[in-house]
Amino acid sequence: MAKRPWVMKQEWKDVVFLHWPVEADWLRRFIPKELEVDLYDKQAWIGVVLFRAKATRLRLLPPVPSTRSYLELNVRTYVKYKNRQGVYFFSLDADSRLAVTGASLGGFLPYKHADISMSKKAEQWIFASRRIEDGQFPESFKMTFKEDSKPMLASPLEQWLTERYCLWTKPKDQLYRVDIAHSPWTLHYLKGQIHQNTMASYLPVSLHHQTPMTHYSKKQKTWFYAPVKEL
């Protein structure tokens, strides 16, 4: 955990990780030049991650009701900067307009407003998202799934994909790092079906034609720290 005060904390619940192997060259032109595409056994990966954000609050401030709980769907890849490993987000869709406005202020993070639902019926989860941000392509995603009740022993690759403790973003030509702290993930396998997926439509391959690596986690408590300028 970083040796400075956190600025925001949040609980992530019912987290789904979907991962696809992709060509590093496909990603290169979509990430800042300062960042290096992180590879595992010479392979790049892209992730689609969905979850419930709960108990969101800023340090020393009371919770804001409209941002305390919301649904999120993000698309990310794995990058390095000066030997530090982390995440770079291509998009983050959320169903809280206030959360989107705050996080995307000044172009800091690529948050977009979306109509998102997540429910559970007869042990099966149903997740659906459609971007409704003005002037943005209406990316959409829908899947159903069931999680395995027993935790799994994560492989080195699964740990590499999920145990990431910082993100980078580059608003207005300045690269920033945001450090994140949480305990190691408790992962479960899941069985599911993707019914619609237009996320990351800019890549020269349609992800919904490929079967992803899938994982589920029940909950995670997370702390965020103030952005740091990278030199």
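Owing to the predicted nature of the structure, the values given are computational and were not obtained by experimental measurement. Nothing fancy with the numbering, it's 1 onward along the sequence.
Y78 and W160 have their aromatic ring centers within a separation under 6.0 angstrom.
With sequence neighbours excluded, no residue forms a side chain to side chain donor-acceptor pair (under 3.5 Å) with W6. Residues satisfying the ring-ring contact (aromatic ring centres under 6.0 Å, His included) criterion with F137, sequence neighbours excluded, are absent altogether. Remark: F141 engages no residue in a ring-ring contact (aromatic ring centres under 6.0 Å, His included) (not counting sequence neighbours).
With contacts defined as side-chain heavy-atom distances shorter than 4.5 Å, the pair F145/Q124 does not qualify. For the pair L18 and M143, the minimum side-chain heavy-atom distance is below 4.5 Å. A 4.5 Å side-chain heavy-atom check between Y225 and V178 finds every atom pair outside the cut-off. Side-chain contact between M8 and T56 is present, with heavy atoms from C-beta onward closer than 4.5 Å. For the pair T214/V16, no side-chain contact is recorded, criterion being any heavy-atom separation below 4.5 Å from C-beta on. The shortest distance between side-chain heavy atoms of F90 and N74 does not fall below 4.5 Å. Between R52 and W12, the closest side-chain pair of non-hydrogen atoms is not below 4.5 Å. Put simply, the side chain of D179 does not reach to within 4.5 Å of the side chain of W223, judged on heavy atoms.
Looking at T77, its side chain does come within 3.5 Å of a backbone N or O of W45 through a donor-acceptor pair. In this structure a side-chain-to-backbone donor-acceptor pair under 3.5 Å is missing from D95 to A114. In this structure, E158 contributes its side chain and S155 its backbone to a donor-acceptor pair below 3.5 Å. Side-chain N or O atoms of E230 include none that pairs as donor or acceptor with a backbone N or O of L175 at under 3.5 Å.
The structure places OG of S117 at 7.5 Å from CZ of F127, a figure rounded to the nearest 0.5 Å. Considering NZ of K221 and CD of E11, their distance stands at 5.5 Å, rounded to 0.5 Å. Between the CG atom of L203 and the CD atom of E23 there is a distance of 11.0 Å, given to the nearest 0.5 Å. Once rounded to the nearest 0.5 Å, the distance linking CZ of F224 with CG of L58 reads 11.0 Å. Interatomic distance, CG of L50 versus CG of L73, reported as 6.0 Å (0.5 Å rounding). To the nearest 0.5 Å, the span separating CG on L109 from OG1 on T169 amounts to 4.5 Å.
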Q: Just do the side-chain hydrogen bond (donor to acceptor under 3.5 Å, both in side chains) check on Y176 and Q174 with the steps written out, would you?
A: CA-CA 6 Å; Y176 289 91; Q174 173 61 57; 5.6 Å; no

(Q) Before you tell me yes or no, could you show the steps for Q220 and S183 under side-chain hydrogen bond (donor to acceptor under 3.5 Å, both in side chains), namely the whole-Å CA-CA distance, both residues' side-chain angles and the distance that decides it to 0.1 Å? (A) CA-CA 7 Å; Q220 183 70 276; S183 60; 3.0 Å; yes

**Q.** side-chain contact (heavy atoms from CB on, under 4.5 Å) between R177 and K229, intermediate numbers included
**A.** CA-CA 6 Å; R177 186 186 78 248; K229 284 186 178 182; over 6 Å; no

**Q.** Step-by-step salt bridge (Lys or Arg N to Asp or Glu O under 4.0 Å) determination, E123 to K146
**A.** CA-CA 7 Å; E123 304 304 316; K146 293 181 180 180; over 6 Å; no

Check residues 187-197 and write down every donor-acceptor pair under 3.5 Å in which the side-chain atom is one partner and the other belongs to a residue at least two apart or another chain.
from: H188; atom 1: ND1; to: D148; atom 2: O; distance (Å): 2.9
from: H188; atom 1: ND1; to: K150; atom 2: O; distance (Å): 3.3
from: H195; atom 1: NE2; to: T144; atom 2: OG1; distance (Å): 2.9
from: Q196; atom 1: NE2; to: S140; atom 2: OG; distance (Å): 3.2
from: N197; atom 1: OD1; to: M199; atom 2: N; distance (Å): 3.0

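Applying the 6.0 Å contact sphere to NZ of K142 captures no more than 12 heavy atoms from other residues, nucleotides or ligands.
Using a 30° and 60° split on the angle between ring planes, Y202 and F30 fall in the tilted class, from 30° to 60°. Between W185 and F17, the two ring planes are perpendicular [angle over 60°; tilted spans 30° to 60°].
Every pair passing side chain to side chain donor-acceptor pair (under 3.5 Å) that includes a residue from residues 79-91 is listed here, sequence neighbours excluded: D38-Q85. Listed by first then second residue, pairs satisfying side chain to side chain donor-acceptor pair (under 3.5 Å) with a partner in residues 100-112 read E72-Y111, not counting sequence neighbours.
Under the 4.0 Å criterion applied to side-chain N and carboxylate O atoms, R130 and E139 are not assigned as salt-bridge partners. We find that D93 and R131 are joined by a salt bridge, their nearest charged nitrogen and carboxylate oxygen being less than 4.0 Å apart.
Shortest non-hydrogen contact noted between T186 and P151 is CG2-CB, 3.9 Å.
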